[in-house]
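Here's the structure, in structure tokens; my notes come after.
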Amino acid sequence: MAAAPGKYNALMLRVLFLAFAIALPALPAWKAGAAKRNITPSEPIWMSGYASRDKPSEGVYAPIYAKALALKDNSGGLSVMVTADLVGFTRSVSDPIFAEAKKRYGLLRAQLVLNASHTHSGPVTGQLGRPTYRLDAKEAAVVERYTKRLIEDVVAVIGEAIDNLEPAEMAFEQGYAGFAVNRRRVGHREYPGPVDHDVPTMTLRAPGGELKALVFGYSCHATVMNQFEIHGDYPAFAQAELEKRYPGAVALFLNGCGADQNPLPRRKMELTRMYGEILAEAASQVLAGKMAPVAGPLSAAYKRLRGGLPASAGARGARAASARGNAAEKSNAQLLLEELESTGKLPNKYEYPTRVWRLGDNLTIVFLAGEVVVDYALQIRKIRLGRCLGVGLQRRRLRLHPHRAHHRRGRSTRDTSMLGYGWPSPWEPSIEKRILSAVDGLMGSLR
């Protein structure tokens, strides 16, 4: 099932929650169902996230999971959110999941979200990371075995969540946690450093008050650790802590617009656990306070942006990276040059998926693909005058989406970050405008 190395794809999905304080009508009934599956690798496997790793994993520090939350409104509309302790969902993973979910459960792409925590301590899946690691046949076979099992597990956990649908009441509110730091300020304290410290929190409770599921998010890389043991970094420890505090509930973490955010300080396991506890406490404080009820129905919209890359940057950029780039950039550039030699061309088109979920009149969730910088969350919040959170990782071969504010800060990753993820050049300059316009159009269509 593995694609040719030059055709490598990796995508990350980011999401924004926008909540508006308005008078609510009588609440239609929700049905909600949650489930989780252990997706811990059963054998040593290459880990995704750091190009400096030079060997497969050496044991498991803590198990990793895929989880699903199914939501059905009183009109019968069904949508499912999947979260996973992975660095991302590759297209070779997500496309079979979407196809099987449509076949088995009737879910369209607008109705199904695949969201990875972006842990850098999880396994390589599908083609993700191969331009960086250039796995040999034996190592690639391990990834292929794991990927096949992962696809089966995600499809299964979706079905389990749907089977668990029961009447539920939904509520939402924002919390706060302050350990995310804009990475551009490291070594450059004079640079501006926007952050999003919101911890959006959504609960699903049985009519009697029992907590069935808890969805919470944060905009920050899951990169406290960089060793060779499998675990889900601070988001996984936060989920485990919440499930310990609320027995019987499934806690799901949604990763936010944190492409330029790091947890600092880091590189100690005790910090990983501490940040998990901080995030769990932030969500717990939301639950202990007053939360706004969320009405139905749930409506969903999906759109693919179609565009291209600057034509002048492709082959020239790949040759430059092969000569002067870091190890990851040189590896990817070599793959691109091999593709250029065999096919006579380089990738020059992209399809960028965006999704919006609207829950009643007071909660909107915006899903953006790729590792998205925090400026997008702040900009959408400003436009829509709501409280905003970013989350998500899904499918496609993308890295950072540059925002024009980054180019005013003196240190931008625009010129090189895409080269480690299968692209021959940076994004075209219009990408920011196109993304924000698409989001605005989808939100307007569900108004």
Side-chain angles (χ1 to χ4, degrees), residues 1-13 37-60 63-68 82-104 112 114-159 228-232 328 331-332 334-336 338-339 342-343 347 393-399 420-423:
M1 66 182 299
K7 301 296 185 182
Y8 146 81
N9 283 278
L11 164 78
M12 305 186 168
L13 174 74
R37 280 207 167 199
N38 189 315
I39 57 169
T40 308
S42 59
E43 58 186 322
I45 188 171
W46 274 83
M47 300 170 68
S48 195
Y50 292 113
S52 60
R53 289 195 177 107
D54 56 2
K55 57 185 176 181
S57 60
E58 297 178 333
V60 175
I64 59 175
Y65 293 92
K67 302 179 181 181
V82 173
T83 65
D85 298 321
L86 299 169
V87 76
F89 281 94
T90 67
R91 188 171 185 178
S92 61
V93 175
S94 62
D95 277 356
I97 292 172
F98 282 122
E100 195 64 20
K102 181 179 180 181
K103 177 181 177 181
R104 294 193 195 183
L112 176 60
L114 304 178
N115 181 288
S117 69
H118 199 44
T119 175
H120 282 35
S121 294
V124 169
T125 60
Q127 293 297 304
L128 188 55
R130 295 206 183 182
T132 299
Y133 300 122
R134 302 298 294 267
L135 308 185
D136 63 27
K138 182 178 179 181
E139 295 162 343
V142 174
V143 172
E144 290 176 4
R145 286 194 294 272
Y146 179 80
T147 299
K148 182 176 184 295
R149 173 197 152 193
L150 175 66
I151 294 169
E152 294 169 351
D153 282 341
V154 171
V155 172
V157 82
I158 292 170
F228 290 87
E229 289 181 296
I230 296 289
H231 59 84
S331 177
N332 184 69
Q334 184 60 41
L335 289 176
L336 290 170
E338 290 171 6
E339 181 175 355
S342 64
T343 67
L393 288 178
Q394 194 176 320
R395 64 172 194 87
R396 267 297 180 274
R397 51 181 180 186
L398 317 176
R399 177 57 170 149
Y421 284 76
W423 292 101

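Within the 4.5 Å cutoff, the side chain of Leu114 has no heavy atoms near those of the Thr83 side chain. With a 4.5 Å cut-off on side-chain heavy atoms, Glu229 and Ser57 do not count as touching. Between Val82 and Asn115 there is no side-chain heavy-atom pair separated by less than 4.5 Å. Contact check for Ile64 versus Pro41: side-chain heavy atoms found under the 4.5 Å cut-off. Contact annotation: the side chain of Tyr146 approaches that of Ile39 to within less than 4.5 Å [non-hydrogen atoms, C-beta and beyond]. Using a 4.5 Å heavy-atom threshold, the side chains of Glu139 and Val142 count as separate. Using a 4.5 Å cut-off on side-chain heavy atoms (C-beta onward), Val60 and His231 make no contact.
Of all the heavy atoms in Gly126 and Thr147, the pair that sits closest is N-OG1, 2.8 Å. What you find for Pro63 and Thr40 is that their closest heavy atoms are CA-OG1, 3.2 Å. Asp54 approaches Phe228 most closely through the heavy-atom pair OD1-CZ, 3.9 Å. When every heavy atom of Gly49 is checked against every heavy atom of Val87, the shortest pair comes out as CA-CG2, 4.4 Å. Among all heavy-atom pairs drawn from Gly232 and Ser117, the shortest one is O-OG, 4.4 Å. Thr125 approaches Gly88 most closely through the heavy-atom pair OG1-O, 3.8 Å.
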Could you go through Arg145 and Glu43, starting from their C-alpha distance and side-chain angles, then the distance that decides it, and tell me whether this counts as side-chain contact (heavy atoms from CB on, under 4.5 Å)?
CA-CA 10 Å; Arg145 286 194 294 272; Glu43 58 186 322; 3.0 Å; yes
Run the side-chain contact (heavy atoms from CB on, under 4.5 Å) check on Val124 and Met47 step by step: do they pass?
CA-CA 5 Å; Val124 169; Met47 300 170 68; 5.8 Å; no
Go through the steps for Glu144 and Lys148 under the test salt bridge (Lys or Arg N to Asp or Glu O under 4.0 Å), then give the verdict.
CA-CA 6 Å; Glu144 290 176 4; Lys148 182 176 184 295; over 6 Å; no
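When each of Lys103, Lys102, Arg104 is checked for a side-chain hydrogen bond (donor to acceptor under 3.5 Å, both in side chains) with Glu100, only Arg104 meets the rule.
The line from CD1 of Ile230 to CG of Asp85 is 10.5 Å long, rounded to the nearest 0.5 Å. Residue Ile151 holds its CD1 atom at 6.5 Å from OG of Ser92, rounded to the nearest 0.5 Å.
Side-chain atoms of His120 come within 3.5 Å of backbone atoms of His118 as a donor-acceptor pair (strictly under, hydrogens ignored).
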